[in-house]
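Read the structure below first, then the notes.
Numbering of ligands and ligand atoms starts at 1, following listing order.
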Amino acid sequence: MEISNSTLQGFESIPSRLMECQNRLEKNLAIHGRDKESAQLIAVSKTFPPAAIEQAYQVGQQAFGENYVQEAVEKIQSLKALNIQWHFIGPIQSNKTLLIAEHFDWVHSISRLKIAQRLSDARGSDRLPLQVCLQVNVSGELSKEGCNPREVKALAEQIIKLPNLKLRGLMTIPEATTDSEKTKSSFAQLRSLHDDLKAAGIPVDTLSMGMSDDMDIAIAEGSTMVRIGRGIFGERARR
Ligand SMILES: *Cc1c(COP(=O)(O)O)cnc(C)c1O
């Protein structure tokens with residue numbers, strides 16, 4: 001996809017949308033008696049140009065999520081001067097692990113051991129470990145990325161042995177539905193898998209769940225990282 005500044009109209013509203021999201025996040029945390037710092041907002045900037053990212057950065061947003069490796073690497077390089085924490089949240093092909101390990105701080109979307117091994121090898125020991133989450137397909141959709149819930153513990157036990165990765169927790173994208181009870185139950189399931197890992201002595205602290213339309217439900221179910229795209233940057237053009 002071509003990223004040009006001619007698509008910049010409307011980006012003036014990014015700071016105010018971001019503040020709205022941040023306020024909404026804090027309000028929901030308060031409702032559930034949670035600490036203000038207990039969940040973090042990841043701004044999902046896929047398909048938006050560096051200028052849009054800068055708009056959000058200038059009002060204090062430092063964590064950004066990207067889905068497409070090639071597009072992301074171009075933006076990361078053009079924004080090198082900024083102190084941004086980059087989160088990879090998209091599907092991972094094995095021939096892209098080198099670029100991901102080189103350019104990102106976090107990866108939320110690991111669903112196979114082979115990918116984790118390649119990321120660890122590519123990261124090398126001279127850098128901080130790559131912070132990673134296992135993506136879980138809790139709703140069991142056939143087309144969906146993510147490991148089977150039954151594989152989570154075995155995979156986590158393998159991943160914590162990899163030298164250049166630091167397993168932080170679990171991520172999910174629930175089935176697209178208007179039935180909020182279904183969404184809630186997917187998030188509750190991820191939280192319970194996370195609790196199981198902790199009970200097994202695996203030190204995880206991250207539940208990456210919740211997007212623009214289901215952020216409030218995710219916070220109610222214990223999310224520690226919400227990944228917000230449209231709520232901050234507006235609607236995306238179709239890719
Ligand atoms: C695009 C995307 C998001 C953000 O979705 P919005 O609905 O725009 O908030 C979050 N997580 C993942 C994995 C995505 O691909």
Side-chain angles (χ1 to χ4, degrees), residues 1 3 7 10-11 13-25 28 39-49 52-53 55-56 61 63-73 75-76 84-93 96 100 104-112 115 119 130-139 141 143-147 168-180 182-184 186-187 190 206-239:
M1 198 191 96
I3 297 160
T7 53
F11 288 178
S13 56
I14 290 172
S16 61
R17 285 165 174 276
L18 177 62
M19 289 303 122
E20 249 171 66
C21 275
Q22 195 67 50
N23 288 340
R24 184 162 140 202
L25 173 61
N28 274 285
Q40 190 192 347
L41 196 149
I42 312 296
V44 177
S45 45
K46 63 183 175 203
T47 79
F48 290 98
I53 296 173
Q55 290 278 314
Q61 181 66 30
F64 291 86
E66 289 281 341
N67 285 57
Y68 311 107
V69 178
Q70 212 59 51
E71 175 197 325
V73 167
K75 289 191 251 180
I76 291 170
I84 289 179
Q85 186 183 67
W86 292 101
H87 293 245
F88 191 78
I89 61 174
I92 306 174
Q93 292 162 316
K96 295 286 165 50
I100 294 171
F104 285 85
D105 304 292
W106 278 73
V107 176
H108 295 227
S109 42
I110 293 180
S111 33
R112 290 184 291 142
I115 294 292
L119 286 169
L130 197 54
Q131 311 293 301
V132 303
C133 292
L134 247 178
Q135 182 171 352
V136 189
N137 182 358
V138 284
S139 47
E141 288 170 276
S143 60
K144 185 76 99 18
E145 299 286 326
C147 69
R168 297 296 297 272
L170 303 177
M171 182 272 241
T172 198
I173 307 171
E175 187 179 353
T177 171
T178 51
D179 179 351
S180 61
K182 240 184 189 173
T183 305
K184 189 176 156 71
S186 293
F187 289 153
L190 195 73
T206 301
L207 267 176
S208 170
M209 57 190 201
M211 313 199 289
S212 297
D213 294 335
D214 54 23
M215 168 177 139
D216 300 355
I217 306 172
I219 290 299
E221 292 303 320
S223 171
T224 68
M225 277 189 180
V226 290
R227 308 178 309 269
I228 308 296
R230 291 167 300 131
I232 297 170
F233 296 104
E235 291 299 322
R236 288 181 290 273
R238 274 188 82 89
R239 225 182 107 90

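No donor-acceptor pair closer than 3.5 Å links the side chain of R227 to the backbone N or O of V44. Panel note: side chain K75, backbone F48; a donor-acceptor pair is recorded below 3.5 Å.
Taking F88 as the reference, F104 meet the ring-ring contact (aromatic ring centres under 6.0 Å, His included) condition, with sequence neighbours excluded.
Here the CG atom belonging to L41 is positioned 6.5 Å from the CE atom belonging to M215, to the nearest 0.5 angstrom.
The number of heavy-atom neighbours closer than 6.0 Å to NZ of K184, taken from other residues, nucleotides and ligands shown, is 12 or below.
At a heavy-atom cutoff of 4.0 Å, ligand 1 is surrounded by V44, K46, N67, I89, I173, M211, S212, R227, I228, G229, R230, R236.
Using a 3.5 Å distance cut-off with no hydrogens or angles, the side chains of E66 and S45 do pair a donor with an acceptor.
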